[in-house]
Amino acid sequence: MNCPASFTKRSEKTRRYIMSAFTRLVFARGFEHVSVLDVVAEADVARSTFYEHFSGKEDVLRAAMANLFIVMAECFPSDTQPPELNRVLGHLWDNRRLTDAIFSGAPRVILARAHGERIEAHLRDMNQGEPLALSYRLAAIHLAEGQIALVENWLRGRAFCETADLAQALHKSSRASALALLATNDCAKAAP
């Protein structure tokens, strides 16, 4: 009988194989030209095994990019810049030739939606669940798209700055924008 710890390690290893196979295929062919069957074949797992871990290729994309976007979402709740932000932005910069694979078409839409959901949760926590003047969803979409646009344009070389400078600007502007949206709620509550 397998103990739960070994099952969890094996399960995580399988998830990593699937995400790695997916990533290789997406960077080689593009997201639109990769199917679940392609991923299953590349990862050398059964289709049922794939579906034990992921609901579809969109779910794999979200999981494969989660660590990057989790760090970016951490810009909102704290006055302190997330310690991993420089590393994450450096990783993106080092792999900027792959920008189109994640910042265009369907992948961009999927990742922006997932990023917005993460930010929405932070906003709710920051505002202790009180209603906003805007809906939480709309505020989160605004903030997610702003972060993604800044990083994407930097990666595409439309304007250059050092990674550390971008990290600082991303943190400060994200935090200030979130606080401004939360403050508009205070103004709305104070209005007669």
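Along the sequence shown, residues carry numbers from 1. The figures that follow rest on heavy atoms only: side chains count, while hydrogens, waters and symmetry mates do not.
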With a 4.5 Å cut-off on side-chain heavy atoms, are [Y] and [X] touching?
X    : Y    : value
F22  : Y17  : no
L111 : F103 : no
I102 : E152 : no
E74  : H122 : yes
R16  : K13  : yes
T99  : L92  : no
V151 : M72  : yes

Any carboxylate oxygen within less than 4.0 angstrom of a Lys/Arg side-chain nitrogen, looking at R87 and E84?
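Here R87 pairs with E84 in a salt bridge, since their nearest N and O are under 4.0 Å apart.
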What distance separates [X] [atom1] from [Y] [atom2], expressed to the nearest 0.5 Å?
X    : Y    : atom1 : atom2 : result
K57  : I18  : NZ    : CD1   : 15.5 Å
L182 : F76  : CG    : CZ    : 10.5 Å
I119 : E145 : CD1   : CD    : 9.5 Å
L143 : E120 : CG    : CD    : 11.0 Å
D100 : R108 : CG    : CZ    : 12.0 Å
L155 : L89  : CG    : CG    : 8.0 Å

Main chain of [Y], side chain of [X]: is a donor-acceptor contact present, judged purely on distance under 3.5 Å?
X    : Y    : result
D165 : C161 : no
R124 : G129 : no
R47  : L37  : no
N127 : L123 : no

Counting neighbours of CG on D44 that are heavy atoms of other residues, nucleotides or ligands and sit closer than 6.0 Å, is the number greater than 12?
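Not buried by this count: 12 neighbours or fewer within 6.0 Å.
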Can you establish whether the number of heavy atoms outside R97 located under 6.0 Å from its atom CZ is more than 12?
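Incorrect, the count does not exceed 12.
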Single-linkage hydrophobic cluster, 4.5 Å side-chain cutoff, [X] and [Y] together:
X    : Y    : result
L138 : M126 : yes
V26  : I148 : yes
M65  : L170 : yes
I141 : V109 : no

My understanding is that only one of S173, P82, S177 makes a side chain to side chain contact (heavy atoms under 4.5 Å, CB included) with C75; could you say which?
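Result: among S173, P82, S177, P82 is the only option passing the side chain to side chain contact (heavy atoms under 4.5 Å, CB included) with C75.
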Closest approach of [X] and [Y], non-hydrogen atoms and distance?
X    : Y    : result
A73  : Q147 : N-OE1, 4.4 Å
A167 : N86  : CB-OD1, 2.9 Å
L132 : A139 : CD1-CB, 4.0 Å

side-chain contact (heavy atoms from CB on, under 4.5 Å) with [X]: which residues, sequence neighbours excluded?
X    : result
S78  : T80
A46  : S48, T49
E117 : R113

Under the ring-ring contact (aromatic ring centres under 6.0 Å, His included) rule, what pairs show up with a residue in residues 123-155, not counting sequence neighbours?
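Matches after skipping sequence neighbours: W93-W154.
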Residue pairs fulfilling ring-ring contact (aromatic ring centres under 6.0 Å, His included) with at least one residue in residues 35-75, sequence neighbours excluded:
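The answer is F50-F54, F69-H115.
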One pair to check against side chain to side chain contact (heavy atoms under 4.5 Å, CB included): R15 and E12. What are the steps and the verdict?
CA-CA 5 Å; R15 282 180 63 84; E12 282 304 312; 3.8 Å; yes
According to the salt bridge (charged side-chain N to carboxylate O under 4.0 Å, His left out) rule, which pairs have a member within residues 18-31, sequence neighbours left out?
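Those involving residues 18-31 are R24-E42, R29-D38.
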Does the pair V45 and V39 meet the rule for a side chain to side chain contact (heavy atoms under 4.5 Å, CB included), with working shown?
CA-CA 9 Å; V45 297; V39 176; over 6 Å; no
